[in-house]
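Everything on this sheet refers to the single structure shown next.
What you see is a predicted model, and the numbers here were worked out from it, not measured in a lab. For this chain, numbers begin at 1 and follow the sequence in order.
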Amino acid sequence: AGWFRRLLHKPKPSSAESSLDAGRSASSSPSSSSSAKSSGSSPGTSLARSVCPAPVLASDINASGSARWAKSYDVCICHSDVDLELVEELVSYLEGQPESFRCFLQLRDAAPGSAVVTELCDAVQNSHCWVMLITPGFLRDPWCKYQMHQALAEAPMANGRTIPVLKDVDRKDYPKELRNLYYIYMALKEKSFRQIRDTIVR
């Protein structure tokens, strides 16, 4: 009970300190609920305490103590063979960013002589994020469905880790297994590549 009494009788800060603290909180807190929504704060978070997250810097991601280095790859790309050209462009874009993302591209990075399924499972387990390029070719290919199920089995309901990217696919054809995840619709390639990059950073 003594600590509770001390808490009640704790002296209030002077008016100068109060105004200084108010100024600090005003500069770091969002001014509207819309910015709180855009920062991804949960409904249970107090609006008075919600603060926009600081931008993630390449130097923070690349720091030797970063959790990034706990896995071999930042991104595993799941795609159909018919979309290889587009995927190579995406990988080139991601690896050329200031963060130098480490991408797993099966045809390039799988060890010769290894079992295909083993290589895929290892890549999925050793990647922070999985980008699924969902195209008509992806939907027709049983191997792509297998890749998708492997990624979902690795971390079910893992928000932000599985990143579906739709291209030339109607909403009605979006795989039902992914219906609980938001997707990126690829219309303009450059803009979509930037969205994918930003999502991986988050």
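- Using a distance-only test at 3.5 Å, with no hydrogens or angles considered, a donor-acceptor pair links the side chain of R161 to the main chain of S127.
- Checking side-chain atoms of W130 against main-chain N and O of V124 turns up a donor-acceptor pair under 3.5 Å.
- Taking 4.5 Å as the limit, every side-chain heavy atom of F104 sits out of range of all side-chain heavy atoms of V75.
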- Task: In sequence, state the C-alpha distance, the side-chain angles, and the governing distance for L90 and L86, and then conclude on side-chain contact (heavy atoms from CB on, under 4.5 Å).
- Result: CA-CA 6 Å; L90 172 60; L86 176 61; 5.9 Å; no
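- For the side chain to side chain contact (heavy atoms under 4.5 Å, CB included) test with P164, the passing option among I134, I184, V169 is I134; the others fail.
- Between the D109 side chain and the L105 main chain, a donor and an acceptor come within less than 3.5 Å of each other.
- No side-chain donor-acceptor contact under 3.5 Å links R197 to the backbone of Q97.
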- Going through the distances and angles, do T162 and M132 end up as a side-chain contact (heavy atoms from CB on, under 4.5 Å)? CA-CA 7 Å; T162 302; M132 287 183 218; 3.3 Å; yes
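- The distance from the NE2 atom of H149 to the SG atom of C78 is 12.0 Å, given to the nearest 0.5 Å.
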- Checking side-chain contact (heavy atoms from CB on, under 4.5 Å) for the pair D74/R68: CA distance, chi angles, key distance, verdict? CA-CA 7 Å; D74 299 310; R68 174 186 188 183; 2.7 Å; yes
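- Taken to the nearest 0.5 Å, the SG atom of C76 stands 7.0 Å off from the CD atom of Q147.
- For the pair D141 (side chain) and W143 (backbone), a donor-acceptor distance under 3.5 Å is present.
- L120 has its side chain out of reach of V117: every pair of non-hydrogen atoms, C-beta onward, lies at least 4.5 Å apart.
- Counting heavy atoms from C-beta outward, L181 and L178 have side chains that approach closer than 4.5 Å.
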Can I get a per-line list of side-chain donor-acceptor pairs under 3.5 Å for residues 186-193, giving both atom names and the distance, sequence neighbours left out?
residue: K189; atom: NZ; partner: E89; partner atom: OE1; Å: 2.7
residue: K189; atom: NZ; partner: E89; partner atom: OE2; Å: 3.3
residue: S192; atom: OG; partner: L188; partner atom: O; Å: 3.0

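- Proximity of a side-chain donor or acceptor of S92 to a complementary backbone N or O of E88 within less than 3.5 Å is not detected.
- In this structure, the side chains of P175 and M148 come closer than 4.5 Å at one or more pairs of heavy atoms.
- The shortest side-chain heavy-atom distance between I77 and V131 falls under the 4.5 Å cut-off.
- I163 and Y73 sit in two unconnected hydrophobic clusters of ILVMFWY residues. Membership requires side-chain heavy atoms under 4.5 Å apart, directly or through other members.
- Between Q106 and V116, some side-chain heavy-atom pair lies under the 4.5 Å cut-off.
- Residues L139 and L152 share a hydrophobic cluster, clusters being chains of Ile/Leu/Val/Met/Phe/Trp/Tyr side chains in contact below 4.5 Å.
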- Task: Check step by step if side-chain contact (heavy atoms from CB on, under 4.5 Å) holds for Y174 and R179.
- Result: CA-CA 7 Å; Y174 185 50; R179 295 271 164 100; 3.9 Å; yes
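- Take E95 and apply the side-chain hydrogen bond (donor to acceptor under 3.5 Å, both in side chains) test, not counting sequence neighbours, and it matches R108.
- The two residues G137 and V82 come nearest to each other via the heavy atoms CA-CG2, 4.0 Å.
- Donor-acceptor pairing under 3.5 Å is lacking for the side chains of D168 and T135.
- Follow the hydrophobic side-chain contacts under 4.5 Å out from V87 and you reach L94 in the same cluster.
- Ion pair K145/E177 not flagged as a salt bridge, since none of the NZ, NE, NH1 or NH2 atoms sits closer than 4.0 Å to an Asp/Glu carboxylate oxygen.
- No donor-acceptor distance shorter than 3.5 angstrom exists from the side chain of K167 to the backbone of L133, with no hydrogens or angles considered.
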